[in-house]
Amino acid sequence: MKKALCLLIMMSLVAFAAFGGGAAEEAVEPAQTLRVAVPTFPNSIDASIAAERNAQNVAWQMFDSLVFQTETGEVEPSLARDWDVSDDGTTYTFYLREDVEFHNGEPFNADAVVYSWQRGQRPELEWSDRWARASSVEKVDEYTVEISTENPDALLLGIVAQHWNMVPPEYTEEVGDDRFSEAPVGTGPFKFVEWVREDRIVMEANENYWREGLPRVDEVIYVPIPESSTRMAAIQTGEVDIVNRLSFEQAEALEGADGVNVVTYPIDRTFYIAFNNLTTGVGEPTEDVLVRRAMNYAVDRQAIVDSLFGGYAELATGLMTTGNLGYDHSLDPYPYDPDRARELLAEAGYPDGFEIGFAAPTGAYTNFEQVAEAVQGYLRDVGIETDLEFMESGRYWDLEAEKALPPLFGDSWSERSGEALPRLRGALDGWDASFSAWQEETITDYMNAIEETVDQEERAALYTELHNYMFENPPFIYLYVPETFEATRDNVRDYNPRAAEDYFLMYTYLEE
Amino acid sequence: MQRYLFSRLIQSALLMVGVLVITFFMVRLTGDPARVMTPRDASPERVEAMREAMGFNDPLIIQFTRYMGGAARGNFGQSLHYRAPAMSLVMQRVPATIELTLAAMGFALFFAIPLGVFGGSRPGSIWDTLARGFGLLGQTVPNFWLALMLIVVFAVDLGWFPSFGRSGPMSIVLPAVALGFFPLGQFVRLVRSATLEVRGEDYIRTAYSKGIEERAVLGRHVFRNVSITLVSIVGVQFGYMLGGSIYIESIFSWPGIGRMINEAVQARDFPLVQAIAVFSAGFVVVLNLLTDVAYALIDPRIRYED
């Protein structure tokens, strides 16, 4: 009797396993499903709330804005087919497409633009200050809106392109932020299907998408895989089609793996050792520009990049990266020249060097602790003794915001707008910026001029001048611009991540 | 028995109050949450407005009273990152973690008991060598390393199991093995040494001399006595596995509490960290309580003591 019972249980277990496994495999999948692994799971898939890069990427597959910004910073029509700018540069008139519907059938029109703006600038939403750059958004007629700013704002179009996701008024109002965040509706190339919390987000192609012939796959599934070794395994087994944020060791190991392509590109992030002339750096030798130049000569960046990043990083010449508007490609990074550094130090009145405080965060960036130690070593070689202090990154950034870090501190800054201005303002706007420790009249004047000039060529010229000024008068020891590593299955086509690590899956498809 | 239970209950309640106090102060050591909630280039005014809105400017004692009052009602506030009630987010993750923990425990016991009993009953035999080998391996192999090796061998090279996620019965195998390997080692050693001890007892000799088959002696007499020791350690191990699952769940992208701890800490989402810490502590306290009860039920010597 007992044996019979045991047998029965065993058999039902086997049957269950077989049936369960079979059912999962037999599920019919649409012709083309793109599976994308993300390292962090989105806090929200509403583009106005999605907090970081990966969440933004997921969200933006479902939305459009009025305009679209290309990788090189040019602004193209999107939901607005055209626009005019008033002579004083403070009023933009957008002419909207008339053939667009939201995924739920609501029409896209001027009311939707006005509603989206009113909603977006509520302070509890993540990107409210990006929406608040416009002082008013008004309906002119059914398909025309006027957007005004207090002063000419050259960044407005780029910010609209990157942060103003158009939402349907009726649905959004009806369900509220929390529900909208879980089941968003936009006009974008993909429609929301389901979000199985912490397991997957599924989207399907929007057949009525206004961009002809797009998107090119039927379904997109996002899966979170926090551990990079596991992402590496999942791309090898083909469980996913796209993975990002691999280490260079992993990327090298994947080179030549069956069915896998490695994608690598420099990202829009610069690493630096900052000086301070607001608080702790007052009265220190680093207030002298000769000393700051000397310290840029003293550090062998190439050796750091070669030994710690396998050579996969560009040497920085400023706080701008190569894709930024107005980047001066003729500038060469400071060469490693310790003799020149000693000369400059002597000229500045410090032939025997000096002692100064130095701090760096731990656990925040790849190998950054070693970078800081290398910098400390190079500075010691020219006579500058630093008292390098490592701090947990959370505590570090609090002190940085309080402007209480030592006069030398390491950090990095990323930017996705294709322009350096937000980063420049953030790092150099003195007391007006949370994480700045530096203020200099010339730099501030340049930043103000760039913000108020609307003509792209003039702005590019101003950026170039500022880039050169900051090269000669460095408020940082410039370090490097890192590369990032991704991998795709070898049948993935037209997946083109950009320097800000963003991408648009509407163009991507799988070759049979 | 009742007095014993009652005193254990009081101890548990005091422990939970201590946990609440510690979690309140602990998260305040990790930095300014208002800054985490605002973009990096936000102005100092906006950060200040956020701090005010979230009540971080109130005196500590007021914040503490608010926290304890909320905790008493199971309310740990909104998760800063996910913008949803923290405790309900934790509860959504509980089933996945329990599933994984049970599977890992099942795996560990399934191999540990026969290995330990056979090994202990025949010291020096091949079974004994195996038992001691597994005992040593389980205790020394780091579980995150084992997890990665399992993925490389069984998911990438052999393709037998999925490398990540929670989809169907096959997906639990690798994480359960990785998580269960440490307790497996501990159980084997424990069962083996307990068996060694028991097998010299008079009643075992009596059983043999009555002519009972060896299988029956091991099953009925040896294992039943060994299980007393086992129960106490199983309860403790459940608690440890909750800790171990932080790595294992993150590596296998298993959507449980362990992975959530990792996410919450990285996002400096302190209401969520608090909710998880309090939940986990509560879980361990309840487990210990249950273990004590089970212990008392199984072992008459404890039940009748007072």
Side-chain angles (χ1 to χ4, degrees), chain A residues 16-17 20-21 23-25 37 40-44 49 51-52 123-124 126-130 177-178 181-182 196-200 223-227 229-234 236-237 239-240 392-398 401-402 413-415 422-423 425-427 429 431-435, chain B residues 29-47 49-50 53 79-84 89 92-93 96 144 147-148 151-152 155-157 159 161-171 247 249-256 259-260 262-263 265-269:
Chain A
F16 174 77
E25 276 158 31
T40 52
F41 215 56
N43 62 327
S44 162
I49 296 178
E52 42 79 53
E124 62 268 30
E126 181 79 18
W127 301 101
S128 53
D129 49 354
R130 308 296 155 100
D177 285 336
D178 289 347
S181 189
E182 286 165 11
V196 182
R197 285 273 162 184
E198 308 311 318
D199 188 38
R200 64 183 182 276
V223 289
I225 310 182
E227 168 60 42
S229 313
T230 315
R231 289 198 293 280
M232 177 178 162
Q236 285 175 282
T237 60
E239 287 164 277
V240 294
E392 186 274 322
S393 56
R395 167 106 185 110
Y396 189 81
W397 285 317
D398 284 347
E402 287 161 21
W413 205 296
S414 73
E415 181 50 49
R423 170 167 49 210
R425 281 248 185 249
D429 222 356
W431 291 102
D432 291 336
S434 292
F435 287 91
Chain B
L29 298 176
T30 64
D32 182 351
R35 242 181 265 289
V36 183
M37 299 166 66
T38 43
R40 186 128 193 250
D41 47 3
S43 62
E45 292 79 30
R46 177 150 179 228
V47 178
M50 181 64 82
S79 149
L80 306 181
H81 188 60
Y82 295 100
R83 295 171 196 242
L89 284 171
Q92 286 169 13
R93 300 286 194 100
F144 61 87
L148 293 174
I151 291 177
V152 168
V156 177
D157 288 347
F161 302 100
S163 58
F164 72 96
R166 180 182 178 222
S167 52
M170 295 303 270
S171 65
Y247 308 111
E249 289 187 358
S250 297
I251 289 174
F252 288 99
S253 193
W254 188 264
R259 210 182 86 195
M260 188 177 238
N262 206 351
E263 292 164 4
V265 168
Q266 276 181 11
R268 290 166 79 191
D269 186 343

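Reminder, nothing fancy here: chain letters follow the sequence lines and each chain counts from 1. The model shown is predicted, which means the values in this text are computed figures rather than measured ones.
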- With rounding to the nearest 0.5 Å, note down the distance linking CD1 in Ile225(A) to CZ in Phe164(B). 4.0 Å
- Does a side-chain heavy-atom distance below 4.5 Å link Arg259(B) with Pro226(A)? yes
- Note on the structure: With chain A, the option among Gly256(B), Ala96(B), Pro162(B), Gly165(B) that has the most non-hydrogen atom pairs under 4.5 Å is Pro162(B)
- Phe161(B), CZ: over 12 other non-hydrogen atoms inside 6.0 angstrom: yes
- Note on the structure: Heavy atoms of Val156(B) and Ala233(A) approach each other most closely as CG2-CB, 3.5 Å
- Query: Side chain, backbone, both or neither: which part of Ile251(B) has a non-hydrogen atom closer than 4.5 Å to chain A?
  - Reply: both
- Message: Ignoring hydrogens, what is the shortest heavy-atom contact between Arg83(B) and Ile49(A)? Give both atom names and the distance.
- Response: NE-CG2, 3.5 Å
- Output yes when a side-chain donor or acceptor of Ser253(B) lies under 3.5 Å from a complementary backbone atom of Pro224(A), and no otherwise. yes
- Query: For chain B, which of Ala37(A), Ser181(A), Ala401(A) has the most heavy-atom pairs under 4.5 Å?
  - Reply: Ala401(A)
- Query: How far apart are the closest heavy atoms of Pro42(A) and Tyr82(B), and which atoms are they?
  - Reply: O-CE2, 3.7 Å
- Pick from Glu227(A), Gln236(A), Glu239(A): which one has the most heavy-atom pairs with chain B under 4.5 Å? Glu239(A)
- Distance (rounded to the nearest 0.5 Å) between Asp199(A) CG and Ser167(B) OG: 7.0 Å
- Query: Does any heavy atom of chain B fall under 4.5 Å from the side chain of Asp432(A), the backbone, both, or neither of them?
  - Reply: backbone
- Search all heavy atoms of Ala155(B) against all heavy atoms of Thr237(A) and return the closest pair with its distance. O-CG2, 3.3 Å
